[in-house]
Each structure stands twice: as structure tokens, then as C-alpha cells.
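Here the structure comes first, spelled out in C-alpha cells, and everything after it is commentary.
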Amino acid sequence: MIRMILKWGALAALVAMALYLILALYAQQEFVFAMLFLVLTASAVFVFVHKKLYAHRYIFPAVAGMGLFVIFPLMYTVGIGFTNYSASNLLSYEQVQDNLLERTYQSDSIRYDYRIYETDAGYVIYLEGEQQDLATAPLKLDGSQTRVEASSVSEKPAGEPLAMRDVIQLRSELRELDLTTEDGRELSLASLRSFAAIRDQFTMHENGSITDNQADVTYFPDHETGFYRSADGDRLSPGWTVNIGWDNYLKVVSDPSIRGPFFEIFVWTLSFAVATVVFTLALGLLLANLLQWDQIRGKGFYRTMLILPYAVPAFISILVFKGLFNQNFGEINLVLEGLFGMRPDWFSDPALARTMILIVNTWLGYPYMMLLCMGLLQAIPRDLYEASAMDGAGPVNNLFNVTLPLIIKPLMPLLIASFAFNFNNFVLIALLTGGAPDIIGASTPAGTTDLLVSYTYRIAFQDSGQNFGLAAAIATAIFLVVGALSLINLKLSKVKV
């Protein structure tokens with residue numbers, strides 16, 4: 001009985017906390033996340049309460065984690081790709097209206113520095129102007145009075161004004177105060193030290209339009225672009241997020257300033273991933289074969305030294321190579337200049353920059369391939385090589401007729417995984433070249449060494465417009481391309497999925 005009470009009590013407490021989180025997200029207008037946690041909570045309760053789903057309780061956390069951290073972010077990214085979500089269209093329609101209606105402006109150039117004097121009858125606000133001084137009658141700064149008349153005076157009130165720390169404590173009451181002058185002007189708190197004629201800059205109308213009181217221009221909501229626009233085409237910032245359909249996806253193939261860089265980067269990304277797999281496999285297999293050679297002494301030492309690049313954190317190796325390839329002070333250029341009298345522009349020439357990236361990535365990736373090949377080579381029967389030798393075959397024939405056919409099938413899934421990893425190798429590009437040199441004529445931040453993933457990152461976070469919608473569309477395209485290529489490779493390698 002006590003066990004059942006504890007069990008249901010714990011479940012009730014967890015559900016209560018989940019509902020509180022859902023309500024908090026809903027109150028913050030995060031409807032998508034509120035719905036996500038509502039679905040997860042409801043499904044968790046259903047699985048853990050229903051007796052027929054007892055076996056599913058153990059796998060539910062993994063399924064929920066998959067939905068929360070993989071499926072939901074993917075669907076959310078796809079959804080953003082159909083919107084104009086960007087730095088200029090970041091808010092909702094209601095938030096944009098609130099932002100505009102909170103704006104004020106000073107209707108004239110006259111400002112009054114003020115002092116507050118405390119008297120027996122209340123506080124007196126004394127305003128010092130260039131042409132005249134004003135003062136209020138004694139009042140209570142407790143929020144009960146919001147509109148007070150300020151009359152012209154010839155001298156300051158008696159006594160000492162309040163210190164600034166005391167004025168700061170009254171600033172919330174001062175913000176609610178409007179001072180009316182003898183000529184009909186209304187003064188509001190403009191700063192911590194002054195009053196001025198402050199007016200609301202925008203006025204909202206019943207039809208949704210909004211008028212700029214300072215410029216006397218009316219703007220109308222344009223729900224196709226997500227901006228308030230005037231009759232002359234001027235727009236107000238910020239804008240709001242709206243659904244624009246397939247525009248972001250079509251822009252990738254229809255806008256020349258985006259289409260050209262996108263396909264150039266796509267071809268380079270594909271070439272980079274394939275070349276990296278080929279080079280690392282070739283070097284790893286070569287070294288693995290050498291380490292299997294019976295005549296080599298000290299194999300343990302060589303094996304340890306060759307695996308060291310795999311043990312060093314990648315970002316450290318990348319930064320070291322960045323210094324080595326430095327055009328003016330790098331050791332590689334110093335050696336090349338001493339031997340051949342040349343100093344290659346590794347970071348400014350597109351072809352050399354891509355060559356440098358392949359060299360560095362081959363260095364970073366060959367230990368992994370070498371370890372895989374060493375394990376697979378151990379599984380090949382030695383008598384196959386003996387029979388091949390009796391037929392007169394040499395090392396090259398053994399490699400292509402014995403070794404590769406026997407190891408390529410078990411190696412293929414790992415090669416596909418390596419391809420997918422290098423297709424999205426963001427760290428290498430970000431630390432080594434940053435995508436440079438840039439592609440001339442591109443309307444988005446695009447570089448000749450950018451991969452699709454780094455290109456997407458630059459559009460989303462480094463472009464002045466921060467076009468998250470376009471970046472989401474490209475990220476969706478990356479997912480589809482990687483998924484399709486992986487399935488094709490799996491089918492070609494006849495691996496069951």
C-alpha cells in the first residue's frame with residue numbers, strides 16, 4: 001500500500017512539474033515548445049500507466065530523447081525554412097506592435113533640469129529652463145497624482161534638494177508623472193536628470209494601421225513581407241515572422257548571387273568528403289600494411305607514434321597547422337622558399353587553400369583508418385598471400401586482388417560514416433580558414449573553402465541580415481543530400497538497412 005502511494009505520488013509530482021513548465025512556456029507564447037512537452041508528458045503517462053505497454057517503459061526514454069533532440073529540431077528547422085525568420089523579422093506581429101507603441105520622441109528642443117525639494121506639505125519639483133524656471137505645488141510622489149501643473153517661478157524653493165540616491169528611489173513615481181505648463185505643454189521624465197516634452201511616436205488605429213506622429217506618416221501592415229509599409233514603400237523595423245512558402249528554397253536555385261556560390265560550395269563539399277575518405281583510407285591502409293611487415297622492428301613504437309595524431313584534440317592540431325602554413329612566418333613556406341624559392345599563398349589562393357585543407361584533414365583522419373585496417377588485416381588468412389605468392393603475384397597485385405576485396409565490404413559502413421562526418425566537418429573550416437577566400441559576387445557570406453555546413457552557419461550568424469530562414473532551408477537541403485548519398489552508398493555496397 002505504501003509502495004503504491006509513493007509510486008503514484010512521485011508520478012503526480014512529475015506530471016505537476018511538467019504541467020507547470022508547459023503553462024510557463026505557453027504564457028511566454030512559446031506554443032511550439034509547449035505542445036512538444038505536452039505530447040511528451042501525455043505519452044509518458046500513457047506508457048507508464050497502461051499495463052499492456054509495460055515492456056515499452058524501458059525504451060521510452062530513448063524514444064523520447066530521439067524525438068526531443070533529433071526529430072523535433074529537424075522538423076523545427078524545416079518549418080523555419082518556410083518563413084522569413086531573420087534578424088529583421090524576429091518578433092511576432094503583436095510584439096512588433098508593442099515595440100512600436102512603446103517608442104517616444106521629444107516634441108521640442110527644450111529640456112528642464114530638475115531638483116526635488118522635500119517640504120512639510122510634500123515634494124516640490126523645481127525645473128530649471130533656459131528662459132524660465134518652473135515649479136510644482138507640493139505633491140505626494142506615491143502614484144496618486146499623475147497630472148500636475150508646473151507654474152513659472154522667480155526663485156528656488158527654500159532648503160536643500162534631495163540627493164541623487166533619493167531621487168533614484170523615486171524614479172518609478174516620476175515616470176508616471178505628467179507636468180502641465182502654463183502654455184499647455186506636457187512634460188515627462190526624459191532622463192534621470194531632466195524633464196522634456198515627450199510624446200508617443202506611434203498611434204494605433206482600429207484597422208491595424210499605425211501613424212508616426214513625428215513624421216505624420218501612416219503605415220499599414222504587410223503580412224506578405226512582415227513589415228509595416230507606408231504608401232511610398234517605406235517600412236518600419238522591426239518586422240514580424242510570416243510564412244513565405246517555398247521562397248527560401250526557390251531562392252537557392254533561382255537567385256544567381258545565391259545559386260552560383262551554393263552549387264560551387266556543394267561541389268567542393270562533395271569533393272572534399274570523397275577525397276578525404278580516399279586519402280585517409282589510402283594512407284591508413286598503406287601504414288597498416290607496413291606495420292604488418294615481419295621485417296620491421298619496433299612495431300609497438302611506430303604504432304604508438306602513428307596513432308598520436310588521433311590522440312591529440314583536433315582543434316589543437318588545426319591551430320598548429322594554421323601557424324605552419326602561415327604565408328609570412330610559417331615553417332612550411334620557410335622551407336619551400338629555402339629549397340625552391342617559392343612562398344605559396346595558402347590562405348588567399350582558392351586552389352591552394354583547398355589543398356591545404358585536404359592535407360590537414362588527411363593528417364587528422366588517417367590514424368582512424370589505420371586502426372580499422374590493422375584490425376581487418378589481422379582477419380585475412382595468411383595462406384591466401386602464400387598462394388598468391390606461389391602464382392607470382394607481387395605486393396600491388398595482393399593489394400587489389402586479395403586485401404581490398406576482403407576488407408572493403410566490412411569497411412564500407414565505416415567509410416560512409418566517415419563521408420557523412422566530413423561532409424559536415426565544421427570545426428576544420430571554422431578554425432583553419434573561416435571559409436576564406438571569399439567568393440566574389442555572392443550576396444550571402446560565402447567562401448571558396450566553405451562547406452555547406454559552414455556556409456549555413458555564416459548565413460545564420462555572421463551575415464548582417466542573419467537570414468535564419470534561408471539558413472534553415474540550406475540545412476534541410478544538407479540533411480536530404482547526406483541522407484540520400486548515404487542510402488545510395490549503402491545500396492551500392494549491398495548493406496541491408
Side-chain angles (χ1 to χ4, degrees), residues 31-33 35-36 67 69-93 221-227 229 235 237-274 419-420 422-426 429-430 435 438-489:
F31 304 117
V32 176
F33 291 95
M35 182 60 66
L36 170 66
F69 298 110
V70 177
I71 298 176
F72 173 74
L74 177 60
M75 295 177 62
Y76 194 70
T77 301
V78 173
I80 290 177
F82 290 95
T83 68
N84 65 341
Y85 190 53
S86 63
S88 57
N89 297 83
L90 198 62
L91 305 177
S92 66
Y93 180 51
D222 183 353
H223 292 286
E224 293 184 0
T225 61
F227 286 100
R229 292 185 178 275
R235 71 183 191 183
S237 293
W240 60 92
T241 303
V242 295
N243 191 336
I244 59 174
W246 295 90
D247 286 2
N248 285 323
Y249 296 92
L250 294 176
K251 189 182 295 184
V252 175
V253 296
S254 62
D255 189 340
S257 62
I258 297 178
R259 182 183 63 233
F262 175 80
F263 283 105
E264 180 179 344
I265 292 173
F266 171 74
V267 172
W268 157 240
T269 302
L270 189 62
S271 304
F272 165 77
V274 172
F419 170 85
N422 286 288
F423 198 91
N424 295 310
N425 197 340
F426 173 78
I429 304 302
D438 292 332
I439 297 177
I440 306 300
S443 61
T444 55
T448 53
T449 60
D450 266 321
L451 303 181
L452 284 176
V453 63
S454 63
Y455 176 51
T456 304
Y457 173 83
R458 295 178 68 184
I459 291 175
F461 300 106
Q462 291 186 354
D463 186 15
S464 58
Q466 294 187 341
N467 195 335
F468 303 117
L470 180 60
I474 296 176
T476 303
I478 294 173
F479 169 77
L480 295 176
V481 169
V482 174
L485 291 175
S486 299
L487 286 176
I488 292 172
N489 286 332

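Residues passing the side-chain hydrogen bond (donor to acceptor under 3.5 Å, both in side chains) test with Thr77, sequence neighbours excluded: none. Contacts of Tyr455 classified as ring pair (Phe, Tyr, Trp, His ring centres under 6.0 Å), with partners at least two apart in sequence or in another chain: none.
Summarising the geometry, atom CD1 belonging to Ile459 is positioned 4.5 Å from atom OG1 belonging to Thr444; distances are rounded to the nearest 0.5 Å. Rounding to the nearest 0.5 Å places CG of Asp438 at 8.5 Å from OG1 of Thr449. The OG atom of Ser443 sits 11.5 Å away from the CZ atom of Arg259 when rounded to the nearest 0.5 Å. From Asn467, atom CG reaches atom OG1 of Thr456 across 11.5 Å, with rounding to the nearest 0.5 Å. The CG atom of Leu270 sits 9.5 Å away from atom CG of Leu452, with the distance rounded to the nearest 0.5 Å. Atoms OG and CG, from Ser237 and Leu91 in turn, are 10.5 Å apart once rounded to the nearest 0.5 Å.
The nearest pair of heavy atoms linking Pro73 to Gly67 is CD-O, 4.3 Å. Considering all non-hydrogen atoms of both residues, Ile478 and Val453 come closest at CD1-N, 3.8 Å. Here the closest heavy-atom approach between residue Asn248 and residue Ala473 is recorded as CB-CB, 3.8 Å. Residue Ile429 comes nearest to Leu451 through the heavy atom pair CG1-CG, 3.7 Å, listed as atom of the first residue, atom of the second, then distance. The minimum heavy-atom distance linking Ser454 with Phe426 is given by the pair CA-CD1, 3.8 Å. Residue Arg458 comes nearest to Ala446 through the heavy atom pair NH1-C, 3.9 Å, listed as atom of the first residue, atom of the second, then distance.
Contact check for Phe479 versus Val78: no side-chain heavy atoms found under the 4.5 Å cut-off. Using a 4.5 Å heavy-atom threshold, the side chains of Trp268 and Thr448 count as separate. Looking at Leu36 and Tyr76, their side chains never come closer than 4.5 Å, going by heavy atoms from C-beta outward. Side-chain contact check for Pro261 versus Glu264: every heavy-atom pair is 4.5 Å or farther apart.
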message: Please evaluate residues Asn425 and Phe272 with respect to the criterion side-chain contact (heavy atoms from CB on, under 4.5 Å), reporting the C-alpha separation (whole Å), side-chain torsions for both, the decisive distance (0.1 Å), and the verdict.
response: CA-CA 10 Å; Asn425 197 340; Phe272 165 77; 4.2 Å; yes
message: Does Thr225 form a side-chain contact (heavy atoms from CB on, under 4.5 Å) with Asn89? I'd like the steps, not just the answer.
response: CA-CA 9 Å; Thr225 61; Asn89 297 83; over 6 Å; no
message: Show, in sequence, the C-alpha distance, side-chain angles and deciding distance for Phe72 and Val32, and conclude whether the side-chain contact (heavy atoms from CB on, under 4.5 Å) test is met.
response: CA-CA 10 Å; Phe72 173 74; Val32 176; 3.5 Å; yes
- request: Apply side-chain contact (heavy atoms from CB on, under 4.5 Å) to the pair Val242 and Glu224, showing each step before the final yes or no.
  value: CA-CA 7 Å; Val242 295; Glu224 293 184 0; over 6 Å; no
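Ring planes of Phe82 and Tyr249: tilted class, angle from 30 to 60°. Ring geometry, Tyr85 versus Phe468: the interplanar angle falls from 30° to 60°, so the pair is classed tilted. Using a 30° and 60° split on the angle between ring planes, Tyr93 and His223 fall in the perpendicular class, above 60°.
More than 12 non-hydrogen atoms from other residues, nucleotides or ligands lie less than 6.0 angstrom from CZ of Phe263.
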